[in-house]
Amino acid sequence: MTVVEADGHYVQPFAVKNLNIYSGETYSVLVKTDQDPSKNYWMGLNVVGRKPDTPTGLAIFNYHPNDPQRYPKTPIPIGPLWNDKDYRMAQSLAIKARKGYIHPPPLTSDRQIILLNTQNFINGYRRWSLNNVSLDLPHVPYLIALKKNLKQAFHQTPPPDTYGYENYDIYKVQDNTNATSSNAIYRLKFNSTVDIILQNANTMILNNSETHPWHLHGHDFWVLGYGKGKFNPKNDPKKYNLVDPIMKNTVPLHPYGWTALRFKADNPGVWAFHCHVEAHFYMGMGVAFEEGVEKVGELPSSIMGCVGSKRFQNP
């Protein structure tokens, strides 16, 4: 397969036998039909990131007019190992914007937010947290709360922009006993350029760090780089790809690694940024960004009705 597009943007074409598609991502590939047309061929789908307990998913690549249900005589494709992190990292690094279709990123940013991804126990329940804060969405939607000045609808103290990375061991099962739940949001200056660094760490299981596909609502972002181990705020930004980074809306965070992205806070509203594994988002792996809410027009009364916003409904 030749990969030619990702999340709506042309990529510099590159050939693969296997393509990693993380939850929320989209790709376009080209396949040259130059094999024996009297045969059918297997396509396989495998799980990565967690050890699978299901068999390989199968489809048939059919050359018409062959019977599409005629099984190929070749062996079923096995695919890469589920825990081959280096292979998956290499494929992520290979995705660049196509020449002639490059949208140059801003060369500097106005704000840097480093999000440490961990697992924690909060009130007896296992949760995912960013900088020891697990997202617990409020009953009143953020946009309504902000436009109607319902300050009691969510916590007003913003989450932290970073964590104590100097002394934090990402390879250790940490207690993280000070983890909390919050529905607070990050307030971004409108039209500012923001860098987000996602930092992966160990879960509550020994020698375990999972893959997380992170998705940003309302924006495309530049993928500036990936790295293994702990992100170094002084040295690693010097390695950012500012020449031909791909723009995407979903990006993987690899085990025991980091992912850096940059976006313009130029879309008025409140936007979720979260792991696209639904259970992980439900368990708190997400944040919310507010930008330029004052530029959003009057909200229709038809969307009111949740808890504190009921009084704004028309009779």
Side-chain angles (χ1 to χ4, degrees), residues 1 3 6-7 16-27 29 31 40-62 68-95 115-130 134-135 170-176 179 198-215 226 228-229 248 250-259 274-286:
M1 298 177 287
V3 182
D7 287 359
V16 294
K17 289 185 176 181
N18 305 278
L19 177 62
N20 299 303
I21 306 176
Y22 303 97
S23 178
E25 288 189 312
T26 62
Y27 285 96
V29 300
V31 179
N40 288 337
Y41 299 86
W42 287 119
M43 293 188 291
L45 178 69
N46 292 288
V47 174
V48 296
R50 282 187 177 180
K51 189 174 182 178
D53 57 5
T54 55
T56 297
L58 294 172
I60 293 176
F61 196 93
N62 168 240
Q69 297 187 39
R70 190 177 72 193
Y71 279 14
K73 296 181 179 180
T74 53
I76 292 174
I78 298 175
L81 292 175
W82 67 272
N83 57 354
D84 188 345
K85 300 186 291 289
D86 291 341
Y87 148 76
R88 287 187 278 133
M89 173 73 83
Q91 191 167 102
S92 292
L93 290 167
I95 302 175
L115 298 174
L116 173 69
N117 189 88
T118 58
Q119 253 185 355
N120 321 77
F121 270 122
I122 301 176
N123 297 326
Y125 293 94
R126 184 170 296 199
R127 303 277 294 182
W128 292 97
S129 302
L130 287 311
S134 184
L135 181 64
I170 64 171
Y171 300 99
K172 178 183 175 183
V173 177
Q174 299 280 359
D175 293 333
N176 294 322
L198 297 165
Q199 175 67 67
N200 218 341
N202 208 98
T203 67
M204 298 181 73
I205 302 171
L206 188 65
N207 298 323
N208 176 257
S209 181
E210 297 194 350
T211 301
H212 303 287
W214 276 83
H215 174 67
Y226 301 87
K228 298 178 182 179
K248 296 182 94 272
T250 306
V251 69
L253 173 61
H254 295 288
Y256 297 117
W258 57 265
T259 300
H274 61 94
C275 178
H276 216 281
V277 176
E278 192 70 17
H280 291 184
F281 186 24
Y282 178 78
M283 294 167 66
M285 196 188 301

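Just so you know, residue 1 is the first one in the sequence shown, and it goes up from there. Since we're looking at a predicted model, the values are computed, not measured.
- Val3 is listed as a side-chain neighbour of Leu19, based on a closest heavy-atom distance under 4.5 Å.
- Nearest approach of His254 to Tyr226, heavy atoms of both residues: CD2-CD2, 4.0 Å.
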| request: Would you please test Phe281 and Trp128 for ring pair (Phe, Tyr, Trp, His ring centres under 6.0 Å) and show each step? | output: CA-CA 8 Å; Phe281 186 24; Trp128 292 97; over 10 Å; no

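- Summarising the local packing, OH of Tyr256 is surrounded by more than 12 heavy atoms from other residues, nucleotides or ligands at distances under 6.0 Å.
- To the nearest 0.5 Å, the span separating CG on Leu58 from CD1 on Ile76 amounts to 5.0 Å.
- Using a distance-only test at 3.5 Å, with no hydrogens or angles considered, no donor-acceptor pair links the side chain of Asn40 to the main chain of Gln69.
- Taking the side chain as every heavy atom from C-beta outward, Pro72 and Ile60 approach each other to under 4.5 Å.
- Side-chain contact between His280 and Glu210 is present, with at least one heavy-atom pair separated by less than 4.5 Å.
- Contact check for Asn20 versus Tyr87: side-chain heavy atoms found under the 4.5 Å cut-off.
- Summarising the geometry, atom CG belonging to Asn200 is positioned 7.5 Å from atom OG1 belonging to Thr211; distances are rounded to the nearest 0.5 Å.
- Between His274 and His215, some side-chain heavy-atom pair lies under the 4.5 Å cut-off.
- Not one N or O on the side chain of Asn83 forms a donor-acceptor pair closer than 3.5 Å with the backbone of Lys51.
- Two residues are said to be in side-chain contact when any heavy atoms from C-beta on lie closer than 4.5 Å; Tyr27 and Ile95 meet this criterion.
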| request: Check the pair Asn117 / Leu198 against side chain to side chain contact (heavy atoms under 4.5 Å, CB included), numbers first and verdict last. | output: CA-CA 7 Å; Asn117 189 88; Leu198 297 165; over 6 Å; no

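- Minimum heavy-atom separation, Leu130 to Gly284: CD2-O, 4.1 Å.
- Scanning both residues, Pro255 and Lys85, for their nearest heavy atoms gives CB-CD, 3.3 Å.
- Between Tyr125 and Met283, the closest side-chain pair of non-hydrogen atoms is not below 4.5 Å.
- Annotation: the span from His212 atom NE2 to Thr259 atom OG1 amounts to 10.5 Å, rounded to 0.5 Å.
- Residues Ile122 and Ser134 approach most closely at CD1-CB, 3.7 Å, considering heavy atoms.
- Residues Gln199 and Gly229 approach most closely at NE2-O, 3.2 Å, considering heavy atoms.
- No more than 12 heavy atoms of other residues, nucleotides or ligands lie within 6.0 Å of OH in Tyr71, so this atom counts as exposed by the packing criterion.
- Residue Arg50 places its CZ atom among 12 or fewer non-hydrogen atoms of other residues, nucleotides or ligands, all under 6.0 Å distant.
- No donor-acceptor contact under 3.5 angstrom links the side chains of His276 and Thr250, judged on distance only.
- No donor-acceptor pair under 3.5 Å is formed between the side chain of Gln91 and the backbone N or O of Asp86.
- Not counting sequence neighbours, Asp53 has no partner by the salt bridge (Lys or Arg N to Asp or Glu O under 4.0 Å) test.
- No side-chain donor-acceptor contact under 3.5 Å links Trp82 to the backbone of Pro52.
- With values rounded to the nearest 0.5 angstrom, Leu135 atom CG is found 8.0 Å from Arg127 atom CZ.
- Shown here for Trp214 and Met285, the closest heavy-atom pair between the two residues is CZ2-CG, 3.5 Å.
- Residues meeting the side-chain hydrogen bond (donor to acceptor under 3.5 Å, both in side chains) test with Asn123, sequence neighbours left out: none.
- Here the OG atom belonging to Ser209 is positioned 7.0 Å from the CG atom belonging to Leu253, to the nearest 0.5 angstrom.
- With values rounded to the nearest 0.5 angstrom, Asn208 atom CG is found 6.5 Å from Asn202 atom CG.
- Gln174 meets the side-chain hydrogen bond (donor to acceptor under 3.5 Å, both in side chains) test with no other residue; sequence neighbours excluded.
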